[in-house]
Amino acid sequence: MRSQGAGGPAAGDWVGSNTLLCYTRTMITESEMLLTAADAPGGDSTLFGVDETPGIVSVLATYAGQARVWRRVNDGSTQAENDAFNPWLLVPDLALLGDLPVERLVPSDRFPTLPHGRQAGYRELDGDGHYKYLVLARNFAFLERAILRSQGRDRLWDLRDHVYYRPPVEQYLVQTGRAFYKGMLWEDVRRMQFDLETTSLNPLDGEIFMISMRDSSGWERVLDANEHGGEAGLIGEFVRLVGERDPDVLEGHNVFDFDMPYLVARSIAKEVHLGMGRDDDAPVESRDALKVGARNQSFRRHSVAGREIIDTLHAVKRRDAIVHDIRSYGLKSAARYFGLASAEREYVEGPEIHRTWLMDPERVRRYALDDVREVDALSGLLMASSYALASMVPKTYERIATAGTGQGLIEPMLVRAYLWAGRSIPRAGAAIAEEKYIGGYTRMYLSGILSNVVKADVASLYPSIMLAYEIAPRTDSLRVFPGMLQKLTHLRLEHKQLGRAQLAGSAERVYHDAMQGAMKILINSFYGSMGASFALFGDIAAATQVTQRGQEILQQMMRELRAKGMRLIEADTDGVYFTVPEGWTFEDELRLVAEVGRELPEGITIEHDGRYARMYSYQEKNYILQGYDGKIKMVGAAFKSSRNEPYGEQFFNEALPKLLALDFAGVRESFEQRVYAIRSKQVPVEDLAVTVFLSKSEEAYRASGKKEEQYEVLLAANARWKPGDRVRYYHAAHGRHGYKKLYEPGATDYDAEYYVKKLRETYAARLCRAVAPEDLNSLFGEMRGMFDRDPSEIKPVVVEVNPPE
DNA sequence: CTCATACGGGG
DNA sequence: GTGTACGTATGAG
């Protein structure tokens with residue numbers, strides 16, 4: 001472990017691990033206090049918290065004010081320390097506490113603490129924010145009970161405009177000013193990847209027969225049930241190795257929805273203690289929400305004491321919310337997408353894994369090991385910025401990995417800064433005006449196939465506007481918002497430079513890259529925290545001011561581009577795709593972008609963000625790009641059907657390069673070949689069948705009185721099932737309409753016409769914007785009529801779908 | 001046409 | 001956050 005930054009107080013600087021942290025710093029004046037919180041020169045306490053205790057790798061805290069902190073210490077071991085803190089909450093009025101005796105606490109420059117022997121106390125906060133009182137107690141339950149009793153309510157949630165509080169771990173981190181991973185490089189964090197191989201997807205009728213494990217030190221192991229006296233011994237050995245390798249982080253792909261629940265279910269069935277935690281405790285399940293872009297997905301989190309659990313599936317989904325071109329979130333396809341799959345990677349189809357193990361266990365061992373290696377690689381690529389965020393935001397690493405940006409990251413940091421400055425905090429929605437919220441500007445101008453395409457965008461559009469025009473929530477009385485934004489922008493540049501000076505792949509380079517990535521995330525999060533009506537520092541008017549400026553800047557950029565003869569294809573919030581004249585070089589494009597940039601307001605910079613040989617513009621936010629290296633990128637949901645039968649995807653892969661090369665005869669040929677392959681039954685039924693999840697039991701389904709395809713298929717086949725099973729079936733030919741039939745390997749009685757129709761109407765139809773409607777029949781028609789052009793003579797069309805204003 | 005329902009990912 | 005998403009596909013009526 002290396003130490004970064006100047007030596008602040010280390011663990012030894014505070015006394016008593018069972019009392020509250022008592023620093024021996026001298027008092028400073030009120031004005032210096034504001035400086036400390038909002039503008040600390042060099043100290044950056046608003047970004048990192050005031051406490052620099054190094055090596056924290058996990059924290060557990062309870063509403064009863066007990067914290068358990070796991071720290072990496074100098075000899076490389078990990079120590080658990082018990083700590084006590086005072087759970088706290090914020091209220092606008094002490095009357096909410098009813099008859100609970102609370103004592104006024106002496107003001108100090110630190111987060112207040114309860115004097116010895118007191119049950120509850122408060123500190124009055126400065127300024128005219130809504131939450132004027134910070135109330136502390138030995139036990140959160142004292143406060144909760146007193147408030148609910150005086151207000152006649154059942155849940156604190158019902159009083160959310162009157163009581164503000166955070167989960168216990170965050171209360172602890174805010175109160176102590178601590179954060180994770182101080183002084184630790186990414187490589188100092190011990191990450192363990194694991195993956196189960198099971199006989200079925202459902203732990204009720206399946207077993208674990210293999211577990212692959214590896215950790216960030218390069219250690220690797222594959223456990224086989226046969227070598228450990230069966231499943232119980234296998235799980236036992238897994239648990240033993242987790243304890244022995246003692247990782248800080250457990251990682252897996254879809255761990256929360258597969259590996260963890262499966263392990264829990266099997267360990268219960270086999271009566272094995274699943275002591276995966278650092279206190280030998282079993283995983284605990286809770287409901288949580290994964291933030292993906294602006295949306296929430298609910299999931300069942302599993303947690304163990306002393307270790308963080310990370311799901312790389314979540315990380316991949318969150319990345320796709322930014323890039324929109326990840327075809328599938330599965331481990332194998334994500335690894336290929338990011339270029340992380342090795343050439344020697346072993347592949348085994350899911351349903352084949354168990355059978356393969358029986359005949360060729362070595363192959364499954366290789367496969368399982370490749371899985372955890374890919375999880376490690378994905379984590380290295382996608383999680384390092386969250387690790388760096390964890391050293392700034394008062395939250396656990398595993399929660400940062402699923403948190404949103406505004407309320408998830410910025411709000412806890414602002415609350416920490418305000419409370420440490422003794423400042424009152426606004427209420428959610430305090431600055432929400434009646435006016436309508438305006439979003440970013442999006443418009444598609446041209447559809448069809450275009451050549452010589454360039455994407456230019458404004459670098460950090462919204463944060464640049466906030467800095468250039470000094471826009472912040474009006475409720476931010478401490479001006480922490482612009483202060484943090486400025487500091488982050490500055491520090492990010494510094495980390496970028498420091499990183500570039502390091503050897504590629506070195507631990508220091510990874511560290512600086514992670515820091516700059518984390519800072520980029522924070523910088524881009526400030527806008528979001530203003531735009532949310534339910535965020536403490538939300539200010540719709542300020543957010544609207546930002547987007548309005550953003551629209552103006554984008555419009556100005558587009559005017560300049562058009563004035564220079566460029567054709568606009570599509571604009572989205574902070575960037576625009578356009579065509580440049582045939583024969584232009586990269587340098588010509590850079591020059592153009594620089595020229596346009598000079599016309600834009602001070603503080604706004606535009607960047608060349610990509611160049612493409614061809615673009616097929618289909619719908620707003622849905623397009624296909626082909627690089628000068630021939631590589632194809634499909635962006636948007638329109639090219640990603642949820643029931644992607646393999647044959648449709650294969651058609652896309654074959655026909656799209658031809659389409660972009662304007663080889664319409666080739667497109668026709670691909671289509672005809674695929675139609676022929678379907679009709680002559682050369683397409684294997686695996687490529688046509690769908691697999692459907694069964695959630696209802698046979699009784700529940702019969703009782704529902706409704707008809708659902710997947711259950712009807714099973715009933716017709718006289719098959720039994722349980723909730724959690726999957727059924728695979730296809731559309732079989734029978735009379736005029738055909739019917740759904742249970743999948744059998746090698747079946748050829750599928751309804752060819754059904755699949756031909758689908759190929760035409762759901763896959764081929766996505767290519768329609770490339771040609772005139774009257775040419776569609778010669779591309780994908782059943783037979784060419786006498787008026788239809790020969791496909792080789794089709795001319796591509798570009799349609800102006802919106803006039804540029 | 002509209003309405004209802006299910007998918008994603010893991011073996 | 002107790003905000004079970006979202007956009008898409010399919011079949012029934």
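The sequence lines fix the lettering, A, B, ..., with proteins before strands; numbering per chain opens at 1. Hydrogens, waters and symmetry mates are skipped; everything else that's a heavy atom, side chains included, is used.
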Sub-6.0 Å ring centroid separation between F256(A) and F299(A)
yes
The side chain of [X] is closest to which nucleotide in this list: [options]?
X: N254(A); options: dA5(C), dG10(B), dT2(C); result: dG10(B)
X: Y754(A); options: dG11(C), dG9(B), dG1(C); result: dG11(C)
X: L201(A); options: dT2(C), dT10(C), dG10(B); result: dG10(B)
X: H253(A); options: dG11(B), dG10(B), dG1(C); result: dG10(B)
X: L313(A); options: dG9(B), dT10(C), dG1(C); result: dG9(B)
X: Y367(A); options: dG11(B), dG1(C), dA5(C); result: dG11(B)
X: R766(A); options: dG1(C), dT8(C), dG9(B); result: dT8(C)

Taking atom [atom1] in both [N] and [M], what distance in whole Å separates the two?
N: dG8(B); M: dG3(C); atom1: P; answer: 24 Å
N: dA5(C); M: dA6(B); atom1: P; answer: 15 Å
N: dG9(B); M: dA9(C); atom1: P; answer: 15 Å

Have a look at [X] and say if it touches a base, only the backbone sugar-phosphate, or nothing, with a 4.0 Å heavy-atom cut-off.
X: D311(A); value: nothing
X: R266(A); value: nothing
X: G350(A); value: base
X: Q297(A); value: base
X: Q407(A); value: base
X: T199(A); value: nothing
X: D195(A); value: sugar-phosphate
X: L331(A); value: sugar-phosphate
X: R160(A); value: nothing

Verify whether one side chain among R674(A) and Q650(A) offers a donor that lies under 3.5 Å from an acceptor in the other.
yes
Length of the [atom1]-[atom2] vector between [X] and [N], whole Å:
X: M260(A); N: dG9(B); atom1: CE; atom2: C1'; answer: 17 Å
X: F194(A); N: dG11(B); atom1: CZ; atom2: C1'; answer: 14 Å
X: N202(A); N: dG11(B); atom1: CG; atom2: C1'; answer: 11 Å
X: D205(A); N: dG10(B); atom1: CG; atom2: P; answer: 19 Å
X: D320(A); N: dT8(C); atom1: CG; atom2: P; answer: 13 Å
X: Y329(A); N: dG7(C); atom1: OH; atom2: C1'; answer: 11 Å
X: K332(A); N: dG10(B); atom1: NZ; atom2: P; answer: 6 Å
X: W157(A); N: dG3(C); atom1: CH2; atom2: C1'; answer: 9 Å

Which is more 5' along DNA chain C, the nucleotide nearest S298(A) or the one nearest K291(A)? Just name the residue.
K291(A)
Does dG1(C) have OP1 or OP2 under 4.0 Å away from a side-chain N or O of R399(A)?
yes
Assign the ring pair [X] / [Y] to parallel, tilted or perpendicular, where the plane angle (0 to 90°) is split at 30° and 60°.
X: Y763(A); Y: F652(A); answer: perpendicular
X: F537(A); Y: Y418(A); answer: tilted
X: F140(A); Y: Y63(A); answer: tilted

Filter on side chain to side chain donor-acceptor pair (under 3.5 Å), then keep only pairs touching residues 282-294 of chain A, sequence neighbours left out; what's left?
E285(A)-R300(A), R287(A)-S298(A), D288(A)-R301(A), D288(A)-R399(A)
Of all residues at least two apart in sequence or in a different chain, which pass the side-chain contact (heavy atoms from CB on, under 4.5 Å) check with P351(A)?
E349(A)
